[in-house]
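Only one structure is covered here, and it is reproduced in the block below.
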Number of protein chains: 2
Amino acid sequence: MRRNRAAAFPIGDHVLRKLGIFVHLDATHLAELDRLLSETMSVDSLHDIVTEGESCKHLFLLTRGWAVRYKLLSDGRRQILGFIIPGDFFGLRATLFDVADDTVQSLTDCTVCRIPGEDFVAVLRDHPRLGMAIVWSIVREYSVLAEHLVSLGRRSALERTAHLLMELLNRLQLVRLAGERDFELPLTQEILADALGLSIVHVNRTLRRLRQQGLIRLDPQSRWIIIDRPDDLAEIADFSPLYLDQGTPPADSLLKAIRSQH
Amino acid sequence: MRRNRAAAFPIGDHVLRKLGIFVHLDATHLAELDRLLSETMSVDSLHDIVTEGESCKHLFLLTRGWAVRYKLLSDGRRQILGFIIPGDFFGLRATLFDVADDTVQSLTDCTVCRIPGEDFVAVLRDHPRLGMAIVWSIVREYSVLAEHLVSLGRRSALERTAHLLMELLNRLQLVRLAGERDFELPLTQEILADALGLSIVHVNRTLRRLRQQGLIRLDPQSRWIIIDRPDDLAEIADFSPLYLDQGTPPADSLLKAIRSQH
DNA sequence: CGCTGACTTGAATCTCTTCAAGACGTGTGG
DNA sequence: CCACACGTCTTGAAGAGATTCAAGTCAGCG
């Protein structure tokens with residue numbers, strides 16, 4: 001891990017765009033965010049950033065690259081809980097409890113901002129709107145996890161795979177890392193298998209079915225995916241983007257109550 | 001739903017016991033908790049308390065009975081996300097976003113306390129220790145969900161079933177609703193199937209295997225379960241109670257930072 | 001040029017589901 | 001009080017879906 005003090009504003013438009021959906025952020029908030037995110041780090045691929053069972057006193061924001069959150073069984077089986085993409089925070093629960101209950105690993109070269117836990121609490125106190133925007137971003141993760149659980153419990157391999165691809169398309173579009181129907185997908189079939197609760201072989205066959213039905217095109221070399229018929233893919237997956245909450249503002253009454261703390 | 005103002009303190013020892021693990025609660029906190037939980041409701045079984053897609057401005061605390069949190073696919077398949085037992089809060093995300101993303105349904109006759117969202121925010125402001133105890137209780141739910149996801153993705157039917165039974169044993173023991181190795185389990189095999197991502201028939205066969213191996217005894221009439229060999233059951237399930245965080249205090253530094261808001 | 005990691009495919013096997021039918025206990029109306 | 005319906009549990013048999021094992025392809029890289 002290489003660390004460096006950032007001279008320029010360390011994050012791209014995408015994070016601002018994402019937080020801005022939740023509440024309007026003014027110049028004061030931007031300045032505060034700038035200060036909060038001043039410590040950036042580069043992380044090589046396949047590095048553990050947070051390790052299950054270890055202490056962690058920082059909240060992180062991923063600004064470049066992909067990471068996964070996963071848990072291991074004692075015999076080595078792995079289940080990926082979710083993918084972390086630019087604009088996503090991680091490490092809050094670990095910070096609250098002083099111990100992580102899952103491992104976060106980089107899949108590609110990444111850039112992350114590290115926010116000391118105390119600083120985050122201070123932001124919640126001094127800039128409640130900004131703090132709430134960050135909390136919103138984190139709480140949404142729960143919904144993604146719940147939908148993932150539904151996939152593993154009640155969707156077939158085909159439906160499940162289709163659902164994951166639609167989820168990623170939607171989440172990546174929010175931070176402008178996906179076009180109308182294509183994006184970079186830096187995942188091996190092994191990683192997909194660990195996320196989907198399937199064997200590698202079956203992921204391979206499932207992707208082939210999606211390909212043969214003309215729903216998607218994949219280039220394993222460039223790691224690029226084109227979703228030719230997103231509507232059909234969504235129908236197979238029983239996918240509805242509502243759970244991603246990508247446009248929902250918080251309850252007015254709550255915002256007011258929070259603001260009055262100030 | 002029948003509503004009534006509670007004359008006496010509405011909650012049993014179990015909730016206090018659970019919150020008290022997190023931080024020491026003094027007389028002021030207890031009085032405040034008493035005020036906060038003054039509105040209790042009785043709910044018949046099989047009632048929706050929170051409905052997916054509908055607005056909800058209240059945080060709830062279950063004090064008696066069992067409930068489930070679930071999601072439906074459009075063709076009627078159901079996945080249960082988790083079980084709610086006495087001492088568990090629910091409805092926070094719905095309150096934050098003003099819309100629920102899953103349904104909470106009572107499985108038995110229940111008693112719940114309803115906390116207006118604004119009151120909860122006020123508690124966070126005026127009694128941060130108590131507020132944090134409640135937040136801790138809610139955040140823990142994320143870990144339970146994650147472990148459930150691991151079960152569905154990477155554990156066999158036998159392992160998964162064993163894991164759920166061990167989880168319930170541990171959680172119920174915390175609120176004194178389970179003995180050393182037995183508790184009331186008011187769940188049909190259909191409900192277990194929807195939680196475990198299995199068919200009813202296979203749940204039946206799986207429970208039979210656990211019974212035949214002398215690991216558990218079940219009485220379908222009285223809805224009582226005896227776990228004869230919890231250690232062996234835990235080994236089959238690769239169960240470690242750590243993720244339930246039933247004894248972990250919060251990070252000191254954070255508590256201090258939170259207290260300084262006051 | 002041969003190694004490595006990732007992708008691909010076939011065949012055998014196993015897990016879990018589906019369909020179908022029967023048993024048991026409980027509650028209900030004739 | 002009995003007959004009947006209903007919900008739940010139970011079991012067998014057939015079949016679909018996913019895994020495992022094994023082998024082979026392909027691109028990138030030292």
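What you see is a predicted model, and the numbers here were worked out from it, not measured in a lab. So you know, we letter chains A, B, ... as the sequences are listed, proteins then strands, and number each from 1.
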Inset, instruction - Please determine if a side-chain N or O atom of Q189(A) lies less than 4.0 Å away from the OP1 or OP2 oxygen of dT8(C). - result: yes

Inset, instruction - May I ask you to say what R223(A) touches in the nucleic acid, namely base, sugar-phosphate or nothing, with a heavy-atom cut-off under 4.0 Å? - result: sugar-phosphate

Inset, instruction - Using atom types as modelled and distance alone, determine if a side-chain donor or acceptor of R223(B) lies under 3.5 Å from a backbone N or O of E184(B). - result: no

Legend entry - Length of the CG-C1' vector between L192(B) and dT8(D), whole Å: 12 Å

Inset, instruction - May I ask you to evaluate whether R155(A) reaches the phosphate of dG17(D), defined as a side-chain N or O under 4.0 Å from OP1 or OP2? - result: no

Inset, instruction - Look at the side-chain N and O atoms of N204(B) and state whether any lies under 4.0 Å from the OP1 or OP2 oxygen of dT10(D). - result: yes

Inset, instruction - Select base, sugar-phosphate, or nothing to describe what S199(B) touches, counting heavy atoms under 4.0 Å on all strands. - result: base

Inset, instruction - Indicate yes or no for a side-chain donor-acceptor contact from E39(A) to the backbone of C113(A) under 3.5 Å, with no hydrogens or angles considered. - result: no

Legend entry - Q173(A) side-chain N/O to G179(A) backbone N/O, donor-acceptor pair under 3.5 Å: yes

Inset, instruction - Classify the side chain of R205(A) versus the base of dT20(D) as yes if they form a donor-acceptor pair under 3.5 Å and no if they do not. - result: yes

Inset, instruction - Let me know the distance between CD1 of I200(B) and P of dT18(C), rounded to the nearest Å. - result: 10 Å

Inset, instruction - Give the rounded distance in Å between these two atoms: NE2 of H202(A) and P of dA11(C). - result: 18 Å

Inset, instruction - Measure from the side chain of V201(A), starting at C-beta and using heavy atoms only, and say which of dA22(D), dC9(D), dA27(D) lies closest. - result: dA22(D)

Inset, instruction - Ignoring backbone atoms, test whether R211(A) places a side-chain nitrogen or oxygen under 4.0 Å from the OP1 or OP2 oxygen of dT8(C). - result: yes

Inset, instruction - Identify whether any heavy atom of R208(B) sits under 4.0 Å from a base atom; if not, whether one sits that close to sugar-phosphate; answer base, sugar-phosphate or nothing. - result: sugar-phosphate

Inset, instruction - Could you check L207(B) against A157(A) and say which one's nearest nucleotide on DNA chain D is further toward the 5' end? - result: L207(B)

Inset, instruction - To the nearest Å, give me how far apart CG (D194(B)) and C1' (dT17(C)) are. - result: 14 Å

Legend entry - d(CG, L198(A); C1', dG17(D)) in whole Å: 10 Å

Inset, instruction - Could you tell me how the ring of F90(B) sits relative to the ring of F60(B): parallel (under 30°), tilted (30 to 60°) or perpendicular (over 60°)? - result: parallel

Legend entry - For atom CD of E190(A) and atom P of dC7(C), their distance in whole Å: 9 Å

Legend entry - Short side-chain N/O contact from R77(A) to OP1 or OP2 of dT19(D), under 4.0 Å: no

Inset, instruction - Provide, to the nearest angstrom, the distance between the CD atom belonging to Q221(B) and the P atom belonging to dG7(D). - result: 17 Å

Legend entry - Ring-face cation of R93(A) near Y142(B) (centre distance under 6.0 Å, axis angle within 45°): yes

Inset, instruction - Could you tell me the separation between the CZ atom of R154(A) and the P atom of dC16(C), rounded to a whole number of Å? - result: 13 Å

